[in-house]
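Reckoned from all heavy atoms, side chains included, excluding hydrogens, waters and symmetry mates. Given the structure is predicted, the values throughout are model-derived calculations rather than measurements.
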Amino acid sequence: SFVTINEIMKNDPTQIELLDCIHPCYTQLDKIKLTDMFNSFYISMTPFDKICCLIEINNYISTVFKEMTGHSVGHDDLLPLFSYCVILVNIPNMYSQFVFLDNFFNRKAYSGRYDFMFVSFASCIQICEDIIKDHKLANLDEDTEEGTEEETEEETEGEAGEKTAEEIII
């Protein structure tokens with residue numbers, strides 16, 4: 001689920017800081033302003049209002065990007081920036097918010113930028129899920145490596161003439 005983004009930040013806060021090195025636009029985004037904008041998204045009651053909040057967030061990101069680079073943002077830049085903002089702000093139950101939109105947003109009635117924003121948000125959620133999955137797999141690999149080292153040390157001690165647990169019990 002999406003709430004495990006907090007776990008990523010607690011376990012490896014440098015992961016989010018690495019993004020700051022990629023593009024200077026990341027450091028220029030105002031976290032407080034983004035938090036307020038995402039809070040508006042979170043408390044909006046209708047799917048259309050939620051999509052409008054997401055469009056407002058993307059407009060803010062686009063403005064910051066244009067100020068930093070001098071050119072308009074393309075989707076290749078916007079999607080990672082938007083995903084970064086979602087992770088940075090960490091609104092609770094973001095995946096549930098997406099499911100709500102997926103179930104109730106009438107994509108046929110609102111095409112164009114509204115539908116584009118819905119698809120962008122869906123892509124963002126997928127990116128965040130992939131980050132979580134990769135992080136969990138990385139932690140699993142670390143746990144496995146640590147367990148292997150401990151087992152090897154125990155086997156070495158047993159072979160060195162010290163009594164093993166079986167010998168003590170018998």
Got a donor-acceptor contact below 3.5 angstrom from the [X] side chain to the [Y] backbone?
X: Asn103; Y: Val99; answer: yes
X: Ser44; Y: Thr46; answer: no
X: Tyr114; Y: Ala109; answer: no
X: Asn93; Y: Ser96; answer: no

With hydrophobic residues grouped by side-chain heavy-atom distances under 4.5 Å, do [X] and [Y] end up in a single group?
X: Phe116; Y: Val73; answer: no
X: Ile61; Y: Val119; answer: yes
X: Ile43; Y: Val89; answer: yes

* Structure fact -> With sequence neighbours left out, the residues meeting salt bridge (charged side-chain N to carboxylate O under 4.0 Å, His left out) with Asp49 are none
* **Pair Phe38-Tyr42, side chain to side chain contact (heavy atoms under 4.5 Å, CB included): steps then yes or no** => CA-CA 6 Å; Phe38 273 106; Tyr42 185 71; over 6 Å; no
* **Residue pair Gln126 / Asp130, side-chain donor-acceptor N/O under 3.5 Å** => yes
* For the residue pair Val86 and Cys124, what are the closest heavy atoms and their distance? -> CG2-SG, 3.5 Å
* **Shortest non-hydrogen contact from Ile51 toward Met117** => O-CG, 4.0 Å
* To do: Can you label the angle between the Phe121 ring and the Phe41 ring as parallel, tilted or perpendicular, going by 30° and 60°?
  => perpendicular
* **Gap between atom CG of Leu88 and atom NZ of Lys31 - 0.5 Å precision** => 5.0 Å
* For atom CG of Asp76, is the number of surrounding heavy atoms from other residues, nucleotides or ligands below 6.0 Å larger than 12? -> no
* Any side-chain heavy-atom pair of Leu78 and Ser120 under 4.5 Å -> no
* **Residue pair Lys66 / His71, side-chain heavy-atom distance below 4.5 Å** => no
